[in-house]
Amino acid sequence: QVQLVESGGGLVQAGGSLRLSCAASGSVFRLNVMGWYRRAPGKQREVVASITSGGITVYADSVKGRFTISRDNVKNTVYLQMNTLQPEDTALYYCKLKHGSALSYWGQGTQVTVSS
């Protein structure tokens with residue numbers, strides 16, 4: 001069993017920055033993929049960014065150049081540095097962990113709200 005706890009969300013003005021954190025605990029395998037998803041009101045859930053335990057990253061086109069995903073394998077923590085935030089980034093952000101078995105674990109989410 002894996003538990004994920006997100007933190008760092010909040011309210012910020014357009015152009016501002018936030019840093020999200022997600023700490024994993026429990027039966028976390030060394031080899032895994034962690035990532036961030038988001039769901040905005042009236043929209044489908046979408047992938048924001050992901051990172052493997054080896055450090056390979058993938059970003060959604062909409063956040064390239066603005067967001068940076070990173071991880072600390074000792075702490076089993078993944079981060080999302082969000083810069084030049086836009087109102088379109090407003091959403092509930094979820095942390096996800098996936099093992100090689102394809103089983104997925106989700107955090108409860110942290111709200112990010114960007115004002116105009």
Side-chain angles (χ1 to χ4, degrees):
Q1 193 69 254
V2 174
Q3 298 81 44
L4 302 173
V5 180
E6 303 106 327
S7 62
L11 175 63
V12 66
Q13 292 182 331
S17 299
L18 286 173
R19 190 192 193 208
L20 306 183
S21 298
C22 174
S25 62
S27 301
V28 181
F29 294 166
R30 180 178 177 85
L31 301 179
N32 60 69
V33 178
M34 298 185 73
W36 292 93
Y37 288 67
R38 67 185 181 187
R39 186 192 296 276
K43 289 190 173 184
Q44 277 191 320
R45 181 198 303 148
E46 65 175 345
V47 179
V48 178
S50 65
I51 184 169
T52 70
S53 50
I56 300 173
T57 59
V58 177
Y59 295 92
D61 288 341
S62 60
V63 306
K64 286 182 179 177
R66 299 189 297 119
F67 291 9
T68 302
I69 189 170
S70 62
R71 64 187 292 163
D72 184 332
N73 289 334
V74 175
K75 297 181 178 180
N76 285 137
T77 301
V78 64
Y79 307 93
L80 186 67
Q81 179 66 46
M82 304 183 293
N83 298 326
T84 58
L85 283 161
Q86 303 168 9
E88 305 87 78
D89 296 317
T90 295
L92 187 64
Y93 284 70
Y94 295 91
C95 178
K96 178 186 177 182
L97 181 148
K98 185 176 74 173
H99 289 138
S101 66
L103 290 176
S104 298
Y105 300 90
W106 295 85
Q108 292 189 354
T110 184
Q111 179 68 39
V112 172
T113 302
V114 185
S115 62
S116 301

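The residues of the chain are indexed from 1 along the displayed sequence. For clarity, every value in this text was computed on a predicted model and none was experimentally measured. Any value given below was found using the heavy atoms of this structure, including those in side chains, with hydrogens, waters and symmetry copies removed.
For residues 10-21, every residue pair satisfying the side-chain hydrogen bond (donor to acceptor under 3.5 Å, both in side chains) rule, not counting sequence neighbours, is listed here: Ser17-Asn83. Screening residues 53-69 for salt bridge (charged side-chain N to carboxylate O under 4.0 Å, His left out), with sequence neighbours left out, gives Asp61-Lys64, Arg66-Asp89. For residues 54-88, no residue pair satisfies the disulfide bond (SG atoms under 2.5 Å apart) rule, not counting sequence neighbours. Under the salt bridge (charged side-chain N to carboxylate O under 4.0 Å, His left out) criterion, no residue pair touches residues 99-116, with sequence neighbours excluded. Here disulfide bond (SG atoms under 2.5 Å apart) pairs that include residues 25-65, with residues two or more places apart or in two chains, number zero. Annotation: side-chain hydrogen bond (donor to acceptor under 3.5 Å, both in side chains) contacts involving residues 67-78, sequence neighbours excluded, comprise Asn32-Arg71, Arg71-Asn73.
Thr113 pairs by the side-chain hydrogen bond (donor to acceptor under 3.5 Å, both in side chains) definition with Gln111, not counting sequence neighbours. For the side-chain hydrogen bond (donor to acceptor under 3.5 Å, both in side chains) test, no residue two or more places apart in sequence or in another chain qualifies with Tyr94. The side-chain hydrogen bond (donor to acceptor under 3.5 Å, both in side chains) check on Lys98 picks up nothing, with sequence neighbours excluded.
Between the side chain of Thr90 and the main chain of Val114, a donor-acceptor pair closer than 3.5 Å is present. Glu6 places no side-chain N or O within donor-acceptor distance of the main-chain N or O of Cys22, the cut-off being under 3.5 Å.
The distance from the CD1 atom of Ile69 to the CD atom of Gln81 is 12.0 Å, given to the nearest 0.5 Å. The distance from atom CZ of Phe67 to atom OG1 of Thr57, rounded to the nearest 0.5 Å, is 14.5 Å. Distance check: Trp36 CH2 to Tyr59 OH gives 13.0 Å after rounding to the nearest 0.5 Å. Rounding to the nearest 0.5 Å gives a distance of 9.5 Å between CD1 of Ile51 and CE of Met34.
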Check: residues 23-30 side-chain donor-acceptor pairs under 3.5 Å, at least two apart:
{"unit_1": "Ser25", "atom_1": "OG", "unit_2": "Gln3", "atom_2": "OE1", "d": "3.4"}

Return all side-chain donor-acceptor pairs below 3.5 angstrom for residues 39-47, not counting sequence neighbours, or 'none' if the list is empty.
{"unit_1": "Glu46", "atom_1": "OE2", "unit_2": "Arg38", "atom_2": "NE", "d": "2.7"}
{"unit_1": "Glu46", "atom_1": "OE2", "unit_2": "Arg38", "atom_2": "NH2", "d": "3.1"}

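Met82 is not listed as a side-chain neighbour of Val12, based on a closest heavy-atom distance of 4.5 Å or more.
Cluster partners of Val5: none. The rule joins Ile, Leu, Val, Met, Phe, Trp and Tyr whenever side-chain heavy atoms lie under 4.5 Å apart, and it links nothing here.
Annotation for Cys95 and Val78: closest pair SG-CG1, 3.8 Å, computed over non-hydrogen atoms. Between Leu85 and Leu18, the shortest heavy-atom contact is CD1-N, 3.9 Å.
The cluster map of Ile, Leu, Val, Met, Phe, Trp and Tyr, joined by side-chain heavy atoms under 4.5 Å apart, puts Val63 and Tyr37 in different clusters. Tracing side-chain contacts under 4.5 Å through hydrophobic residues (I, L, V, M, F, W, Y), one never reaches Tyr93 starting from Trp106; they form parts of separate clusters.
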